[in-house]
Amino acid sequence: MANVVVIGAQWGDEGKGKITDLLSRSADVVVRYQGGVNAGHTIVVDDKVLKLHLIPSGILYPDTICLIGSGTVVDPKVMLGELDMLATYSIDISGLKLASTAHVTMPYHRLLDQAMEQRRGDRRIGTTGRGIGPTYADKSERNGIRILDILDGDRLRDRLAGPLAEKNEILEKLYGLEPLDFETVVAEYVGYGKRLAPHVVDCTRTIHSAARARQNILFEGAQGTLLDLDHGTYPYVTSSNPVSGGACIGAGVGPTLIDRVIGVAKAYTTRVGEGPFPTELQGSLNDHLCDRGGEFGTTTGRRRRCGWFDGVIGRYAVEVNGLDCLAITKLDVLDELDEIQVCVAYELDGERIEYFPSSSEDFARCQPIFETLPGWQTSTADCRSLEELPPTAMSYLRFLADLMEVPIAIVSLGANRDQTIVVEDPIHGPKRALLST
């Protein structure tokens, strides 16, 4: 397997949790490198549905080290809740490691996130309200609290005094909210620190020790390419870098350590929250995809917006991530359709374009140009090899591979682990072998 980055090639919610779980079987170390509890992935194991926000899905494998990297922001209350939930399933959590330099989401971050979003009104971004943006903002302003700070009460008091006084003033005077009590916050977070202390490590040293031992490392991104702070549909983006390059920063490794990059994309497209979405469907087709695909956010429970596969943003994701291959998920959701549309280009101000516009205002004015493909109108849920797929389903996959100019190496046909086709020779001529043992 070597060292692999798995990223979302759309707006997140592509099914990365299942693909990461699949690849984690061959991994010695799984690293979550950015994002916070605004992300979420659902894994189905033996009819058990596990919903995780911070902890990598590799935790289900007892011999795998799961590291939450320095580039993440950690809500310790949520993280401890996930650990407690895993313990109820008798899942070994001793392999979980947490970077001492990861930043901590504090209670004022959540309050500010929600208040700012409400204040935006019609210009709201569609945040999850979990405090992620304000946590990253404090990190950039060098005013944040890190995991190592909550391990010691005196250190936390020293680090927290200035920021909390400032945030209380904003909460009271700007938003009319009650201030937070200093000692209450200190006591709560020192309590979290005591429980988390056995898991805390030096992130960079842990990863490079694994690399020197020639262990297989899997880097797991949250959200998706089009939500990237620098390369997504700004301002309707997250506050970190989900693209593959973010793995180097968030984990503390150089690009030469990365051997390959796998992008995950649904066989159609979804988006949660606000922002332009050229291929978005309305009415019965939207409802059909949403209902069959179970398109409700793991973190917020919000109904996802559904649309046809967008090849323009797909090609963009290939470029900005340097994708070697794709995992296509939820192909089975399209099983009942008699025809399927794929966006191959946009029309912008009367001109055909085949690139992703950098301006969200321009992107909002793009009209999709579709090609129509026949559906297969038969179930693919029980297919376990390419030969078992209906010919038109294979044609659809080949069309996507041709459109994005990258091979498809994994096809997912349902939520369960076994509902997966791993392609030994990817559909469109492999650029590299996907898995090696």
Side-chain angles (χ1 to χ4, degrees), residues 4-24 32-35 38-44 51-53 56-57 218-228 231-233 237-238 240-244 246-247 261-273 275 277 279-280 289-290 292-300 302-318 320-321 323-334 342-343 396-397 400-401 403-404 406 408-415 417 419-421:
V4 176
V5 180
V6 178
I7 61 93
Q10 295 162 322
W11 275 285
D13 307 309
E14 300 97 345
K16 295 184 298 298
K18 177 182 174 179
I19 302 304
T20 304
D21 174 61
L22 174 72
L23 296 174
S24 294
R32 165 80 178 273
Y33 61 82
Q34 50 76 223
N38 55 336
H41 51 262
T42 302
I43 305 163
V44 180
K51 295 187 177 184
L52 301 173
H53 300 276
S57 52
L218 178 64
F219 298 90
E220 174 187 7
Q223 289 99 23
T225 299
L226 275 295
L227 293 178
D228 188 272
H231 304 290
T233 50
V237 292
T238 193
S240 59
N241 294 108
V243 295
S244 61
V261 183
I262 302 172
V264 184
K266 281 177 182 165
Y268 50 101
T269 309
T270 62
R271 179 168 196 172
V272 171
F277 184 3
T279 67
E280 183 173 12
L289 294 179
C290 188
R292 276 188 59 85
E295 299 296 354
F296 298 90
T298 302
T299 299
T300 63
R302 288 182 293 186
R303 188 179 180 91
R304 294 175 185 141
R305 301 155 64 190
C306 297
W308 296 121
F309 189 92
D310 189 328
V312 180
I313 67 170
R315 288 193 298 267
Y316 177 72
V318 171
V320 298
N321 292 293
L323 295 186
D324 290 297
C325 56
L326 280 169
I328 297 293
T329 64
K330 295 195 173 184
L331 183 69
D332 57 300
V333 174
L334 305 180
V342 176
C343 174
Y396 182 68
L397 292 173
L400 298 186
L403 181 64
M404 295 178 68
V406 69
I408 295 171
I410 300 173
V411 181
S412 175
L413 303 155
R417 280 176 168 174
Q419 292 180 297
T420 311
I421 299 172

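Side-chain atoms are counted along with the backbone in the values below, which use heavy atoms only and exclude waters and symmetry mates.
Not counting sequence neighbours, the partners of Ala267 by the side-chain contact (heavy atoms from CB on, under 4.5 Å) test are Ile328, Leu331, Leu334, Tyr396. Listed by chain and residue number, nothing satisfies the side chain to side chain donor-acceptor pair (under 3.5 Å) test with Arg315 (two or more places apart in sequence, or in another chain). Thr269 is linked by a side chain to side chain donor-acceptor pair (under 3.5 Å) to nothing, counting only residues two or more places apart in sequence or in another chain. Checked against side chain to side chain donor-acceptor pair (under 3.5 Å), Gln10 has no partners two or more places apart in sequence or in another chain. For Phe277, the ring-ring contact (aromatic ring centres under 6.0 Å, His included) test picks out Trp11, with sequence neighbours left out. Every residue two or more places apart in sequence or in another chain that forms a side-chain contact (heavy atoms from CB on, under 4.5 Å) with Thr238 is listed here: Asn38, Gln223, Leu227, Ser240, Pro242. Asn241 pairs by the side chain to side chain donor-acceptor pair (under 3.5 Å) definition with Asp228, Asp230, not counting sequence neighbours. Among residues two or more places apart in sequence or in another chain, the side-chain contact (heavy atoms from CB on, under 4.5 Å) test is passed with Val237 by Leu229, Thr233, Tyr234.
For the atom pair Thr420 OG1 and Leu413 CG, the distance stands at 7.0 Å (nearest 0.5 Å). Annotation: the span from Cys290 atom SG to Tyr268 atom OH amounts to 8.0 Å, rounded to 0.5 Å. Here CG of Asn321 is found 3.5 Å from CD1 of Ile7. Values are rounded to the nearest 0.5 Å.
The main-chain N or O of Cys343 is never found under 3.5 Å from a side-chain atom of Asp310 such that the two would form a donor-acceptor pair. No donor-acceptor distance shorter than 3.5 angstrom exists from the side chain of Tyr316 to the backbone of Thr225, with no hydrogens or angles considered. Arg292 places no side-chain N or O within donor-acceptor distance of the main-chain N or O of Gly294, the cut-off being under 3.5 Å. In this structure a side-chain-to-backbone donor-acceptor pair under 3.5 Å is missing from Arg303 to Glu295. In this structure, Glu14 contributes its side chain and Ala9 its backbone to a donor-acceptor pair below 3.5 Å. The backbone N or O of Gly224 sits nowhere less than 3.5 Å from a side-chain atom of Lys16 that would complete a donor-acceptor pair. Looking only at distances, no side-chain donor or acceptor of Gln419 sits under 3.5 Å from a matching main-chain atom of Arg417.
Among all heavy-atom pairs drawn from Leu323 and Ala317, the shortest one is CG-O, 3.8 Å. Of all heavy-atom pairs spanning Glu220 and Pro56, the tightest one is OE1-CB, 3.3 Å. What you find for Val5 and Ala247 is that their closest heavy atoms are CG2-CB, 4.0 Å. Across all non-hydrogen atoms, the minimal contact from Cys306 to Thr270 is SG-CG2, 3.9 Å. Minimum heavy-atom separation, Gly314 to Met404: O-CE, 3.3 Å. A pairwise comparison of heavy atoms in Leu218 and Ser24 identifies CD2-OG, 3.7 Å as the closest pair.
With no hydrogens or angles considered, a side-chain donor-acceptor pair links Lys18 and Ser412 at under 3.5 Å.
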### Stepwise side-chain contact (heavy atoms from CB on, under 4.5 Å) check, Ile262 with Leu23
CA-CA 10 Å; Ile262 302 172; Leu23 296 174; 3.7 Å; yes
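For the pair Lys266/Asp13, a side-chain contact is recorded, criterion being any heavy-atom separation below 4.5 Å from C-beta on. Side-chain contact between Arg304 and Val272 is present, with heavy atoms from C-beta onward closer than 4.5 Å.
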